[in-house]
Asks: 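Right, I'll just put the structure down here and ask away after.
Side-chain atoms are counted along with the backbone in the values below, which use heavy atoms only and exclude waters and symmetry mates. As the structure is a computational prediction, the values presented were derived from the model and not from experiment.
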2 protein chains.
Amino acid sequence: MGLVLAAKRLLHEQGFRRTSLADVASAAGVPLGNVYYYFRTKDALAEAVIAAHESALREHFSSWEASYPDARQRLRRLVRSPLDASEGLVRFGCPHGSLCQKLEKLGPDAPLAKAAARLLAVYIDWARAQLRAAGVPPHRARTLAASTVAAIQGAMLVAHTLRSESPLAEQLDHVERWLDSSISTHSRRVH
Amino acid sequence: MGLVLAAKRLLHEQGFRRTSLADVASAAGVPLGNVYYYFRTKDALAEAVIAAHESALREHFSSWEASYPDARQRLRRLVRSPLDASEGLVRFGCPHGSLCQKLEKLGPDAPLAKAAARLLAVYIDWARAQLRAAGVPPHRARTLAASTVAAIQGAMLVAHTLRSESPLAEQLDHVERWLDSSISTHSRRVH
DNA sequence: GTCTATAAATTGATAGAC
DNA sequence: GTCTATCAATTTATAGAC
């Protein structure tokens, strides 16, 4: 579905409110009326975009689980992942983070807000699972996972706002070292 | 000026695009046409809001400088400051961070985008000055300051997206400890 | 299923009386 | 300086031909 792909890009670049359905239709190369054949409302299209982000995220996680046998390596990969698309992040911010900030304004019960929260929860839950696998006790793993994701999100927000790539790499380095030492401190040694 | 105050609140609660000038005028108790006597455009009103945030921020900093003689104490105060207004942060996100995310989408050269970037820069510059005063060398102070602000912003973003207050306090605790140990590690001991 | 035309509502901004 | 009325553009959503 080219519509979701176009909407995904435009929502990242322009945000939800700034992106009109005419923009999306034009970018996808279909007439405006066509959008409403596939999606009842603009919100429904945005939900499809979030779902696309979510499945892309899960695919990344699966790929990392297959590539890295060590949980610590997988966590390092998570922390470094923003560097893979740093240009887009610096220009437009984190596609998940900005979606969350924009959509949550709708009130906590709006379906769109729940979808955005779920997107971030997927991130945190995966990080927590890796921390558990690295030997971190349950409660520590829970708070450490949230802090890790928060630190990554903050790094992207600052890099985007200042329009500079260098703080991104530097801050992610900080996160990586801090996370490594946290795991060493909190994990029960198994060997 | 009641208009700026009303706009400040609505921009925080609803964001820039969702807030119409009719909303602002209504909240301030003046007719719509009156807005344009004081502000040429909606952007000009938003700039006034950012300026209000900026001066409020500087006042906070001045107050902390007067209250806490030790730079480390001032930094702890900075890290803990989100807890002073945690309810609003959980419901609506950081007023500065969400402003940045929303306004930066306008392109790097837009006056509003520059204003948002300056707001974050005020934060980082103050943190850097405190780190310098705590004995951290210049380059370290620069990257540490950015990382600190990023970590705080990330904590607020996660707390807001998950609509939960508990991660905010937990993550800020992490930030505080991490910052304290970073200062101890990197500062030249003067005594 | 695809497309054109248009309705219906919102909104940034202006004109002009008082 | 303050307020009412309104323009002009945008945008979500629908109707209906093909």
Side-chain angles (χ1 to χ4, degrees), chain A residues 1-52 92 98-99 101-107 109-116, chain B residues 1-52 92 98-99 101-107 109-116:
Chain A
M1 179 72 60
L3 273 175
V4 175
L5 211 66
K8 193 175 169 186
R9 182 171 62 83
L10 287 173
L11 255 58
H12 182 205
E13 295 179 0
Q14 304 184 336
F16 181 71
R17 299 282 298 190
R18 267 185 78 83
T19 300
S20 72
L21 291 174
D23 288 340
V24 176
S26 170
V30 298
L32 170 62
N34 211 319
V35 176
Y36 288 92
Y37 178 77
Y38 295 100
F39 303 97
R40 287 181 186 174
T41 63
K42 189 183 180 183
D43 281 13
L45 176 58
E47 283 190 65
V49 168
I50 294 180
F92 306 114
S98 52
L99 260 179
Q101 288 239 344
K102 273 162 213 304
L103 298 179
E104 291 282 326
K105 303 282 177 177
L106 304 174
D109 298 326
L112 265 182
K114 299 217 171 212
Chain B
M1 178 73 61
L3 273 174
V4 176
L5 211 66
K8 194 176 170 186
R9 182 171 63 82
L10 287 173
L11 256 57
H12 182 206
E13 294 179 3
Q14 305 183 337
F16 181 72
R17 298 283 299 190
R18 267 186 79 84
T19 301
S20 71
L21 290 175
D23 288 340
V24 176
S26 170
V30 297
L32 170 61
N34 212 321
V35 176
Y36 287 91
Y37 179 77
Y38 296 100
F39 303 98
R40 289 182 184 172
T41 63
K42 189 183 181 183
D43 281 12
L45 176 58
E47 282 189 65
V49 168
I50 294 179
F92 305 115
S98 52
L99 259 180
Q101 288 238 345
K102 272 161 212 304
L103 297 179
E104 289 282 326
K105 303 280 177 181
L106 303 174
D109 298 326
L112 266 182
K114 300 218 168 208

Asks: Without decimals, in angstroms, what is the distance between B:Leu45 CG and C:dT11 C1'?
Replies: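 My rounded result for the distance is 14 Å.
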Asks: Within this structure, what is the CG-to-C1' distance between A:Leu3 and C:dG1, rounded to whole angstrom?
Replies: 13 Å
Asks: Any side-chain heavy atom of B:Phe16 within less than 4.5 Å of one from A:Arg17?
Replies: no
Asks: Counting side-chain heavy atoms from CB outward, which of D:dT2, C:dT4, C:dG1 is closest to A:Tyr37?
Replies: C:dG1
Asks: NZ of B:Lys114 to CD1 of B:Ile50: how many Å apart, nearest 0.5 Å?
Replies: 13.5 Å
Asks: Identify the heavy atoms of A:Leu21 and A:Tyr36 that sit nearest to each other, and give their distance.
Replies: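 So the two residues come closest at CD1-OH, 2.9 Å.
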Asks: Looking at A:Tyr38, I'd like to know whether one of its side-chain N or O atoms comes within less than 4.0 Å of OP1 or OP2 on C:dG1.
Replies: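 Checking A:Tyr38 against C:dG1: no side-chain N or O falls below 4.0 Å of OP1 or OP2.
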Asks: Can you measure from CZ (B:Arg40) to CD (B:Glu47) and round to the nearest 0.5 angstrom?
Replies: 11.5 Å
Asks: Less than 4.5 Å apart, any side-chain heavy atom of B:Ser26 and any of B:Asp23?
Replies: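 With C-beta onward as the side chain, the pair stays apart.
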Asks: Between A:Asn34 (CG) and C:dT2 (P), how many Å, whole number?
Replies: 5 Å
Asks: For nucleotides 11-13 of chain D, print each protein N/O atom paired with a nucleotide N/O atom at under 3.5 Å, atom names and distance only.
Replies:
residue : atom : partner : partner atom : Å
D:dT12  : OP1  : A:Lys42 : NZ           : 3.0
D:dT12  : OP2  : A:Leu21 : N            : 2.9
D:dA13  : OP2  : A:Lys42 : N            : 2.9

Asks: For A:Tyr38, what residues pass the side-chain contact (heavy atoms from CB on, under 4.5 Å) criterion, not counting sequence neighbours?
Replies: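 Checked A:Tyr38 against side-chain contact (heavy atoms from CB on, under 4.5 Å); matches are A:Met1, A:Leu3, A:Asn34.
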